[in-house]
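Because the structure is predicted, anything quoted here is derived from the model rather than measured.
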Amino acid sequence: MKLNEVLKNITPIKIVGNDNVEITGVNIDSRRIKAGHLFVAIRGTQVDGHQFIDKAIELGADAVLCEELPEKLSDHVTYVQVESTEDAVGKVATLFYGNPSHKLKLVGVTGTNGKTTIATLLYNMFRKFGYKVGLLSTVCNYIDDVEVPADHTTPDPIELNELLAKMVEAGCEYAFMECSSHAIHQKRIGGLKFAGGLFTNLTRDHLDYHKTFENYRNAKKAFFDGLPKDAFAITNADDKNGMIMVQNTKATVKTYSIRSMADFRARILECHFEGMYLEIDGREVGVQFIGKFNVSNLLAVYGAAIMLGKKPEDILLVLSTLHSVSGRLEPIHSPEGFTAIVDYAHTPDALANVLNAIHEVLDGKGHVITVCGAGGNRDKGKRPLMAQEAVRQSDKVIITSDNPRFEDPQEIINEMLAGLNEQQMRKVISIVDRKEAIRTACMMAQKGDVVLVAGKGHENYQEIKGVKHHFDDKEVLHEIFKA
């Protein structure tokens, strides 16, 4: 594709060189540059891509998209100067890969909790309807049934458009994706056309990046602000920020609720660890999920399927066959008669939701022992809140390591414990070694109790000092039960 065709959706400040040059690839990582590529220099949070322009040219870049022209220009390279490369890269990538989001129905899911569950359930549902479907999620990306490992909740704009183009090539008619606040703020989804968007909920998270809750909320809201007129926007009426999300959208707005009047409504009729009986819009259905927050997730899935043209009875039939996403409220039954539950909950609100769900089923007939920690090099303000939430709804709490990354795990634990008073501390012990913490919780548990292992869910590693070591909460529990 010619460079001037790739640039059609942006307005350059200046072009130095031949804009009719043939472009064979687009990249923001100078290490991946090959002959004929366009290198996009982005000012990231860690490094500035402008520092690697010379390296990209050495590797064969024929064109450079940048905010600031280098002092020394190469005669054989075309330089395109723009006001913001972060804003331009998505539009460039979309054109280079042939506008893939225009060739399928792309639905985005944003919010603090529930994104992975909703996107994955929609992917599974529409595959059961007989369609070829794509998925972009925290756990894994899929091009129909082909797995593509995921490194981020939302890939960079170039990788994202490449994946969408492969979905189109594979015959996918639908794609469902998580849209993180980072991705929205960093314009990673810039240039994409969405058929619809869903809002789950909003609680404290990622303030290490966004600095304030208002900035975090506005990043989520920007996704709905950008939806086109022919799209739909489904929002959670039970969340206090639900209507704020859609107040400026051009899309058709629909609401869902388990507490009040809404377009899509549900209530719990019966609840067990194996699942629930629900009433959704006047129809009864059995599902293999537990917890009020999962009722909200299922309602969002139901609403999206309705807006995508499916019949209520067909949706509910498929909904009854779907299973929970890996590492999300996943029960493992012990030989001793207690239940261990593995969950990804890594925010105070997510932890509260999971513990609420457990208590709804236990109904006062067993004890709850919670194992949790907090990630290193992330929002420190939520650490004491995590400990407080765990203590509030548990009979015993073991504070341990999560992914300490480059921080001292004991220091992270200390910061969690700092949020507890003397009385709360009586419920708590701390064990730095996560495996030992899980083993201790299982030793404490008796028949009818629940051991919640929170924080890592589907993850099969523990990141320490920049190195990912194999660690899987589910594997550890199975080992303990066998022993």
Side-chain angles (χ1 to χ4, degrees), residues 109 113-131 133 135 139 176 198 200-201 234 236-238 254-260 262-333 337-345 350 353-366 448 450 452 457-458 474:
V109 187
N113 304 310
K115 297 187 297 295
T116 301
T117 294
I118 292 169
T120 306
L121 292 182
L122 281 165
Y123 162 79
N124 289 330
M125 175 176 280
F126 276 75
R127 290 197 75 220
K128 282 179 180 281
F129 282 143
Y131 298 100
V133 188
L135 174 68
V139 178
F176 302 100
L198 294 97
T200 62
N201 48 65
I234 301 177
N236 184 357
D238 294 333
K254 296 289 180 180
T255 57
Y256 64 93
S257 171
I258 61 172
R259 294 203 299 259
S260 58
D263 296 297
F264 310 115
R265 295 184 65 195
R267 66 189 181 99
I268 299 171
L269 303 175
E270 214 172 296
C271 189
H272 313 277
F273 274 125
E274 286 69 36
M276 297 180 285
Y277 283 102
L278 307 177
E279 183 183 270
I280 296 179
D281 281 356
R283 294 177 171 89
E284 290 186 16
V285 61
V287 295
Q288 299 172 61
F289 298 81
I290 64 168
K292 287 179 182 174
F293 70 96
N294 265 327
V295 180
S296 288
N297 291 338
L298 293 171
L299 261 183
V301 171
Y302 174 84
I306 290 282
M307 295 306 289
L308 290 169
K310 298 299 152 195
K311 294 178 181 177
E313 55 270 26
D314 294 337
I315 298 167
L316 295 178
L317 184 63
V318 173
L319 212 58
S320 69
T321 69
L322 298 178
H323 298 271
S324 181
V325 177
S326 174
R328 265 59 172 187
L329 254 176
E330 189 170 346
I332 303 171
H333 299 288
F338 67 85
T339 302
I341 289 180
V342 175
D343 194 87
Y344 188 54
N353 284 337
V354 172
L355 286 164
N356 279 333
I358 291 168
H359 283 293
E360 284 163 22
V361 177
L362 278 180
D363 197 24
K365 296 181 179 119
V450 172
L452 170 62
H458 65 279
K474 289 181 284 183

> Under the 3.5 angstrom rule, does the side chain of D238 hit a backbone N or O of I258 as a donor-acceptor pair?
Replying inline: yes

> Is any side-chain heavy atom of I332 less than 4.5 Å from a side-chain heavy atom of K474?
Replying inline: yes

>> Let me confirm one number: the NZ-CG distance from K115 to N201, rounded to the nearest 0.5 Å.
In response: 8.5 Å

>> Could you walk me through whether I280 and L319 satisfy the side-chain contact (heavy atoms from CB on, under 4.5 Å) test, starting with their C-alpha distance in whole Å, then the side-chain angles of each, then the deciding distance to 0.1 Å, before giving a yes or no?
In response: CA-CA 11 Å; I280 296 179; L319 212 58; 4.0 Å; yes

> Say you draw a straight line from CG of D343 to CD1 of I358; how long is it, rounded to the nearest 0.5 Å?
Replying inline: 8.0 Å

> With no hydrogens and no angle check, is any side-chain donor or acceptor of D263 less than 3.5 Å from a backbone partner on T255?
Replying inline: yes

>> Can a donor-acceptor pair be found, under 3.5 Å and without considering hydrogens, that links the side chain of T200 to the backbone of N113?
In response: yes

> Any donor-acceptor pair under 3.5 Å linking the side chain of S257 with the backbone of R265?
Replying inline: no

> So, the side chain of T117 versus the backbone of G114: is there a donor-acceptor pair under 3.5 Å, distance only?
Replying inline: no

> So do the side chains of R328 and F289 get within less than 4.5 Å of each other, counting heavy atoms only?
Replying inline: no

> Any side-chain heavy atom of L308 sitting closer than 4.5 Å to one from F126?
Replying inline: yes

>> The test is side-chain contact (heavy atoms from CB on, under 4.5 Å); show your working for L322 and M125 and say whether it passes.
In response: CA-CA 8 Å; L322 298 178; M125 175 176 280; 4.3 Å; yes

>> Between Y302 and Y256, is the ring centroid distance below 6.0 Å?
In response: no

> Nearest heavy-atom pair of K128 and V318: which atoms, and what distance?
Replying inline: CD-CG1, 3.7 Å

> Backbone N or O of I268 within a donor-acceptor pair of the E279 side chain at under 3.5 Å?
Replying inline: no

>> If you compare all heavy atoms of S320 against all heavy atoms of V285, which two are closest, and at what distance to 0.1 Å?
In response: CB-CG2, 3.9 Å

> Under 4.5 Å between any side-chain heavy atoms of V133 and F176, yes or no?
Replying inline: yes

>> What I'd like to find out is whether the side chain of V325 reaches to under 4.5 Å of the side chain of H458, using heavy atoms alone.
In response: no

>> Are the side chains of L317 and D314 in contact, using a 4.5 Å heavy-atom criterion?
In response: no

> When rounded to the nearest 0.5 angstrom, what is the spacing between NE2 in H323 and CD in E330?
Replying inline: 11.5 Å

>> Which heavy atom of A357 sits nearest to which heavy atom of F293, and what is that distance?
In response: CB-CE2, 3.9 Å

> If you take all heavy atoms of P331 and T339, which pair is closest and at what distance?
Replying inline: CB-CG2, 4.1 Å

>> Could you walk me through whether V450 and F273 satisfy the side-chain contact (heavy atoms from CB on, under 4.5 Å) test, starting with their C-alpha distance in whole Å, then the side-chain angles of each, then the deciding distance to 0.1 Å, before giving a yes or no?
In response: CA-CA 11 Å; V450 172; F273 274 125; 3.5 Å; yes

> Mind checking whether V354 and L329 have side chains closer than 4.5 Å, heavy atoms only?
Replying inline: yes

>> Looking at every non-hydrogen atom in both residues, tell me the closest pair between L122 and A305 and how far apart they are.
In response: CD2-N, 4.5 Å

>> To check you understand the geometry: which heavy-atom pair defines the closest contact between A266 and V295, and what is its length?
In response: CB-CG1, 3.7 Å

> Hey, mind stepping through N356 and N353 against side-chain hydrogen bond (donor to acceptor under 3.5 Å, both in side chains) and telling me if it holds?
Replying inline: CA-CA 5 Å; N356 279 333; N353 284 337; 4.6 Å; no

